[in-house]
Amino acid sequence: MQDIDLSHEHHQRPTWDEYFLMLAKLAATRSTCLAFPVGAVIVKNKQVVATGYNGSPSGSAHCTTQGYCYPDLSSCDASKTLPSRAVHAEANAIAQAAKYGISTDGASIYVTLEPCLSCLKLIISAGIKEIFYETSFNSAEKAQVRDSFIQESLVTIHQVQLSELVATKAAESLLGLTSIKN
């Protein structure tokens with residue numbers, strides 16, 4: 001019988017968390033928001049049930065197409081008074097699931113940016129129990145509100161980072177032909 005040395009394995013599979021985070025990062029490339037490109041993937045039983053990215057509402061002009069969010073305002077986050085035109089990635093993913101009659105109860109969501117409090121409340125109300133995110137967003141009082149939801153056991157939140165090896169392999173896969181014999 002031949003011994004297999006896994007320590008020299010040239011192909012490392014991403015963990016489930018890395019895999020779904022990479023899908024969220026890919027969804028973020030569809031963003032039409034000038035301020036924050038964000039992607040989201042809702043997962044249930046290790047299956048993707050919905051995706052979303054942030055951008056203007058369906059049928060409305062894309063900020064990236066017109067070059068601005070509002071006339072004379074280059075980005076939604078440049079104003080303290082005007083609300084963002086973007087529907088957040090998490091809300092778009094939940095809306096996509098609702099539109100097609102897919103339950104999100106007991107699901108997990110992977111997002112490239114930690115959900116804002118509005119999205120966090122929407123996620124909890126949609127029955128999503130776990131949030132996995134890449135980049136932190138909430139601080140100070142907002143973090144206190146987030147933490148109160150965690151303490152009430154309404155949701156769990158985990159920060160996920162891609163390993164350099166997995167990220168490199170993914171980039172190589174995107175840049176080259178994927179389904180060819182090694």
Side-chain angles (χ1 to χ4, degrees), residues 17-44 48-70 73-100 102-162:
D17 290 342
E18 288 173 321
Y19 173 69
F20 293 125
L21 179 60
M22 286 191 293
L23 292 177
K25 289 170 79 74
L26 195 57
T29 66
R30 294 278 307 150
S31 172
T32 62
C33 179
L34 295 168
F36 291 102
V38 180
V41 175
I42 299 174
V43 175
K44 198 168 183 180
V48 173
V49 297
T51 64
Y53 51 87
N54 60 332
S56 51
S58 238
S60 181
H62 296 305
C63 298
T64 51
T65 301
Q66 60 189 17
Y68 57 86
C69 296
Y70 297 105
L73 190 64
S74 63
S75 176
C76 291
D77 65 345
S79 172
K80 299 297 180 204
T81 57
L82 288 172
S84 171
R85 290 184 69 238
V87 177
H88 290 187
E90 305 92 326
N92 269 326
I94 291 168
Q96 183 187 55
K99 184 176 182 177
Y100 294 103
I102 301 167
S103 172
T104 56
D105 192 36
S108 300
I109 190 166
Y110 290 79
V111 290
T112 58
L113 182 66
E114 179 185 8
C116 69
L117 291 182
S118 293
C119 286
L120 179 58
K121 292 182 282 184
L122 181 61
I123 287 165
I124 291 167
S125 294
I128 296 170
K129 298 298 181 192
E130 288 185 298
I131 300 168
F132 298 86
Y133 70 92
E134 180 179 46
T135 303
S136 295
F137 179 73
N138 295 310
S139 59
E141 293 87 13
K142 291 178 181 180
Q144 290 175 348
V145 173
R146 176 203 60 210
D147 293 346
S148 72
F149 293 142
I150 294 168
Q151 289 167 359
E152 291 179 66
S153 299
L154 299 175
V155 69
T156 60
I157 301 178
H158 316 275
Q159 190 168 18
V160 178
Q161 297 294 320
L162 295 179

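For this chain, numbers begin at 1 and follow the sequence in order.
Counting heavy atoms from C-beta on, the side chains of S118 and H88 never come closer than 4.5 Å. Two residues are said to be in side-chain contact when any heavy atoms from C-beta on lie closer than 4.5 Å; F137 and C116 meet this criterion. Using a 4.5 Å heavy-atom threshold, the side chains of Y70 and P83 count as touching. Taking the side chain as every heavy atom from C-beta outward, V49 and Y100 never approach each other to under 4.5 Å.
Every residue was checked against the side chain to side chain donor-acceptor pair (under 3.5 Å) condition with S125, not counting sequence neighbours, and none meets it.
Rounding to the nearest 0.5 Å places NZ of K99 at 10.0 Å from CG of N92. If you take CD1 on I128 and CD1 on I109, they are separated by 4.5 Å, rounding to the nearest 0.5 Å. Atom OH of residue Y110 and atom CD of residue E90 lie 15.0 Å apart, to the nearest 0.5 angstrom. Distance check: L113 CG to S136 OG gives 8.5 Å after rounding to the nearest 0.5 Å.
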Let me check something: any side-chain donor-acceptor pairs from residues 21-44 under 3.5 Å, sequence neighbours excluded? List them with distances.
unit_1: K25; atom_1: NZ; unit_2: E134; atom_2: OE1; d: 3.0
unit_1: K25; atom_1: NZ; unit_2: E134; atom_2: OE2; d: 2.9
unit_1: T29; atom_1: OG1; unit_2: L26; atom_2: O; d: 2.5
unit_1: R30; atom_1: NH2; unit_2: Y53; atom_2: OH; d: 3.4
unit_1: S31; atom_1: OG; unit_2: C33; atom_2: N; d: 3.1
unit_1: S31; atom_1: OG; unit_2: N54; atom_2: O; d: 3.0
unit_1: S31; atom_1: OG; unit_2: N54; atom_2: OD1; d: 2.8
unit_1: T32; atom_1: OG1; unit_2: H62; atom_2: ND1; d: 3.4
unit_1: K44; atom_1: NZ; unit_2: D105; atom_2: O; d: 2.9

Using distance only, find each side-chain donor-acceptor pair of residues 141-157 under 3.5 Å and give its atom names and separation, not counting sequence neighbours.
unit_1: R146; atom_1: NH1; unit_2: E114; atom_2: OE2; d: 2.7
unit_1: S148; atom_1: OG; unit_2: V145; atom_2: O; d: 2.6
unit_1: T156; atom_1: OG1; unit_2: H158; atom_2: NE2; d: 3.3

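Listed here is the closest heavy atom pair of A93 and A50: O-CB, 3.4 Å.
Applying the salt bridge (Lys or Arg N to Asp or Glu O under 4.0 Å) rule to pairs touching residues 121-132 yields nothing, sequence neighbours excluded.
The backbone N or O of T51 sits less than 3.5 Å from a side-chain atom of Q96, completing a donor-acceptor pair.
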Next on the checklist: One pair to check against side-chain contact (heavy atoms from CB on, under 4.5 Å): I123 and I131. What are the steps and the verdict?
Outcome noted: CA-CA 9 Å; I123 287 165; I131 300 168; 4.0 Å; yes

